[in-house]
Chemist: 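Structure in structure tokens, see below.
Computed from a prediction, not measured in an experiment: that's the story for all the values here. Note that the numbering runs from 1 along the sequence shown for the chain. Just follow the structure's listing: the first ligand is 1, and inside any ligand the first atom is 1.
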Amino acid sequence: MKLWSGRFDKQPSELVDELNASISFDQRMFREDIMGSIAHAGMLGAQGIIAIEEAALIIETLEEICADMDAGKVPFLTEHEDIHMCVETELTRRIGDTGKRLHTARSRNDQVALDLRLYLKGEGAAIRALCLGLLDTLTNIAGEHLDTILPAYTHLQRGQPTTFAHHIMAYANMIRRDVTRLEDCLERMDEMPLGSGACTSTTYPIDRGRVAKELGFSRLTENSLDGVSDRDFAIELTSALSILMMHLSRLSEEIIFWCSWEFRFVELDDSYATGSSIMPQKKNPDIAELVRGKTGRVYGDLITLLTVMKALPLAYNKDMQEDKEPVFDAVDTVLAILPVFTEMLATMKVLPEHMYRAAGEGFINATDCADYLVKQGLPFRDAYTVVGKLVNFCIQEGKTLETLTLDQYQTHCSLFAADIFDAISLATCVNQRNVPGGPAKESVERQIASITTFVTERRQQP
Ligand code: ARG
């Protein structure tokens with residue numbers, strides 16, 4: 001028998017039951033559902049809406065149910081429809097009529113809004129902690145490679161020399177933004193919707209503030225229609241996760257080609273790579289590829305959520321039951337990826353000699369060569385033209401800027417002197433860029449310190 005069967009003459013068909021039920025995927029919120037019910041029952045008792053002894057019995061029994069659900073002793077049945085009715089049915093099965101008083105001054109509409117916020121607050125915090133761990137790994141790698149020179153690319157063409165530390169710290173900056181995006185999102189999520197009822201709150205003298213405090217929320221939702229129909233928090237979280245995945249997919253893509261024999265900038269640890277069933281020589285970067293692939297999946301979750309919510313009239317509509325699977329999928333995906341991705345990076349072997357070789361081949365010090373002439377008084381545009389001709393000459397002669405003779409330099413422009421060779425050495429090119437944000441050792445050390453402080457501050461917060 002359905003809890004709502006009173007108005008009906010017939011039972012729903014089995015197929016309807018199955019389509020209607022969300023228990024297969026909302027059962028994971030049983031702890032949050034029970035926490036919410038415990039706070040609600042305590043408040044009903046304190047406000048004299050139900051007897052204090054009844055509230056106590058409800059709370060005690062809910063605690064037992066929670067332990068039993070944890071131990072897998074309570075079945076989650078389709079006939080219970082969703083986790084809210086499952087818990088309530090189990091409560092009433094155990095304590096009879098007293099159990100039936102729990103749903104006073106409450107609706108599943110505000111209940112599900114509460115459960116989802118509670119659940120996602122927890123998962124969001126767990127993801128944030130994993131991002132801090134990823135930042136540790138990135139700063140460690142950067143600290144070891146302050147002098148490891150490689151080309152910085154634009155258009156995937158060798159552009160200018162930089163260091164691996166500088167390159168890795170670019171990703172650390174992305175992940176720091178992800179952390180602050182999660183924090184913003186969690187801050188807005190921190191509103192307690194219970195008391196919104198089905199849509200227009202309740203006539204009972206409830207104490208919403210007490211429930212919010214007990215459940216660890218900072219604020220109440222301010223409008224009951226919005227309280228039951230707002231899913232911005234799920235969309236925002238999935239959006240923050242989509243951006244995080246986009247960042248991970250960019251690093252994954254780089255790792256994929258860095259491991260290729262064309263680059264050979266890094267080598268993945270055996271435990272974070274896989275082989276081929278047919279080609280014996282293969283060592284494949286599957287983890288990075290999966291991260292790249294799963295990014296599409298998380299974007300899909302975001303689009304699903306946005307589309308489910310599009311044009312929904314106020315307030316609750318059953319469409320909104322479709323909110324859970326995508327946001328859970330996004331959260332599960334990111335939670336599964338972050339620890340593996342972080343370990344893959346931590347165990348990855350960097351091959352500085354191959355990076356340096358690539359840096360030496362692509363005329364990536366041409367800008368510095370032009371800057372040298374500018375420092376001798378030539379306008380930049382003219383210097384640019386001189387160096388362009390020099391590069392052209394090198395290509396024809398099979399030379400690099402390092403292997404030209406001073407004579408050959410001076411034939412192109414009389415302003416060149418013997419110190420040109422020092423000016424275009426890759427180490428000079430990098431360390432001359434000591435402006436904030438640049439790749440010079442000191443500058444990258446400042447970048448590392450900034451991220452380290454960011455992480456430490458967060459770890460010190462209660
Ligand atoms: N299982 C529902 C959901 O996930 C709970 C709320 C149902 N409310 C209702 N009036 N049918 O959205």
Side-chain angles (χ1 to χ4, degrees), residues 1-8 10-37 39-40 69 74-92 100 102-123 189 191-202 215 221 224-235 237-238 301 304-332:
M1 267 259 278
K2 294 284 176 196
L3 288 176
W4 40 254
S5 63
R7 187 228 176 280
F8 290 79
K10 287 205 282 184
Q11 291 284 318
S13 91
E14 234 173 78
L15 287 177
V16 168
D17 250 0
E18 238 162 72
L19 189 64
N20 196 33
S22 53
I23 186 108
S24 64
F25 51 85
D26 64 18
Q27 56 181 261
R28 65 160 80 196
M29 303 193 299
F30 77 84
R31 287 185 199 84
E32 290 73 19
D33 194 74
I34 291 176
M35 267 168 72
S37 288
H40 182 66
M69 283 185 168
V74 182
F76 297 112
L77 304 175
T78 305
E79 64 192 61
H80 290 144
E81 200 174 310
D82 56 27
I83 188 59
H84 326 296
M85 295 213 285
C86 174
V87 170
E88 198 186 327
T89 305
E90 183 61 20
L91 180 70
T92 303
K100 296 185 193 162
L102 171 64
H103 211 52
T104 315
R106 190 177 72 170
S107 155
R108 276 187 294 156
N109 297 352
D110 56 354
Q111 206 179 340
V112 71
L114 172 75
D115 293 5
L116 194 57
R117 280 177 191 264
L118 275 175
Y119 182 81
L120 295 180
K121 271 174 83 175
E123 300 295 86
M189 198 184 289
E191 291 184 353
M192 207 289 295
L194 215 60
S196 300
C199 49
T200 63
S201 78
T202 179
L215 294 174
T221 54
S224 66
L225 291 170
D226 184 48
V228 288
S229 66
D230 166 31
R231 292 294 181 273
D232 291 5
F233 58 94
I235 296 173
L237 178 62
T238 311
D301 293 328
T304 303
L305 280 172
L306 285 168
T307 313
V308 164
M309 293 307 293
K310 175 178 179 291
L312 279 190
L314 292 181
Y316 178 84
N317 300 271
K318 189 72 170 218
D319 314 42
M320 290 161 66
Q321 182 163 287
E322 292 293 312
D323 60 358
K324 282 166 219 60
E325 286 163 293
V327 70
F328 292 164
D329 183 71
V331 161
D332 291 350

Chemist: Got the closest protein heavy atom to atom 11 (N) of ligand 1, with its distance?
Modeler: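 Answer, as residue, atom name and distance: Arg108 NH2, 3.6 Å.
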Chemist: To the nearest 0.1 Å, how far is atom 10 (N) of ligand 1 from its closest protein heavy atom, and which atom is that?
Modeler: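 Checked against all protein heavy atoms, atom 10 (N) of ligand 1 sits closest to Asn109 OD1, 3.2 Å.
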Chemist: Considering only the protein, which heavy-atom contact is closest to atom 12 (O) of ligand 1, and what is its distance?
Modeler: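 Looking only at protein heavy atoms, the one closest to atom 12 (O) of ligand 1 is Tyr316 OH, 2.5 Å.
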Chemist: Looking only at protein heavy atoms, which one is nearest to atom 4 (O) of ligand 1, and how far off is it?
Modeler: Lys324 NZ, 2.6 Å
Chemist: Is there a donor in the side chain of Ser37 and an acceptor in the side chain of Arg106, or the other way round, less than 3.5 Å apart?
Modeler: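 The criterion, which ignores hydrogens and geometry beyond distance, is satisfied for Arg106 and Ser37.
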Chemist: Are there more than 12 heavy atoms of other residues, nucleotides or ligands under 6.0 Å from atom NZ of Lys310?
Modeler: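 Counting neighbours around NZ of Lys310, 12 or fewer heavy atoms of other residues, nucleotides or ligands fall under 6.0 Å, so no.
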Chemist: Supply the atom-to-atom distance Leu114 CG to Met29 CE, rounded to the nearest 0.5 angstrom.
Modeler: 9.5 Å
Chemist: Rounded to the nearest 0.5 Å, what's the gap from CZ on Arg117 to CD on Glu32? Could you check?
Modeler: 14.0 Å
Chemist: Checking a contact table here: which protein heavy atom is nearest atom 2 (C) of ligand 1, and how many Å away?
Modeler: Gln321 OE1, 3.2 Å
Chemist: With a 4.0 Å cut-off on N to O distance, would you call Asp332 and Arg28 a salt bridge?
Modeler: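 A salt bridge links Asp332 with Arg28.
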Chemist: Considering only heavy atoms of Ser22, which atoms of ligand 1 have at least one such atom less than 4.0 Å away?
Modeler: 1 (N)
Chemist: Within the 3.5 Å criterion, strictly below it, is a donor on Asp26 or His84 matched to an acceptor on the partner's side chain?
Modeler: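 The answer is no; no qualifying pair exists.
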Chemist: Side chain or backbone of His84 under 4.0 Å from ligand 1, or both, or neither, by non-hydrogen atoms?
Modeler: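 The answer is the side chain of His84.
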Chemist: Is there any N or O on Asp82 that sits under 3.5 Å from an N or O of ligand 1?
Modeler: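 Yes; the residue has a nitrogen or oxygen that sits under 3.5 Å from a nitrogen or oxygen of the ligand.
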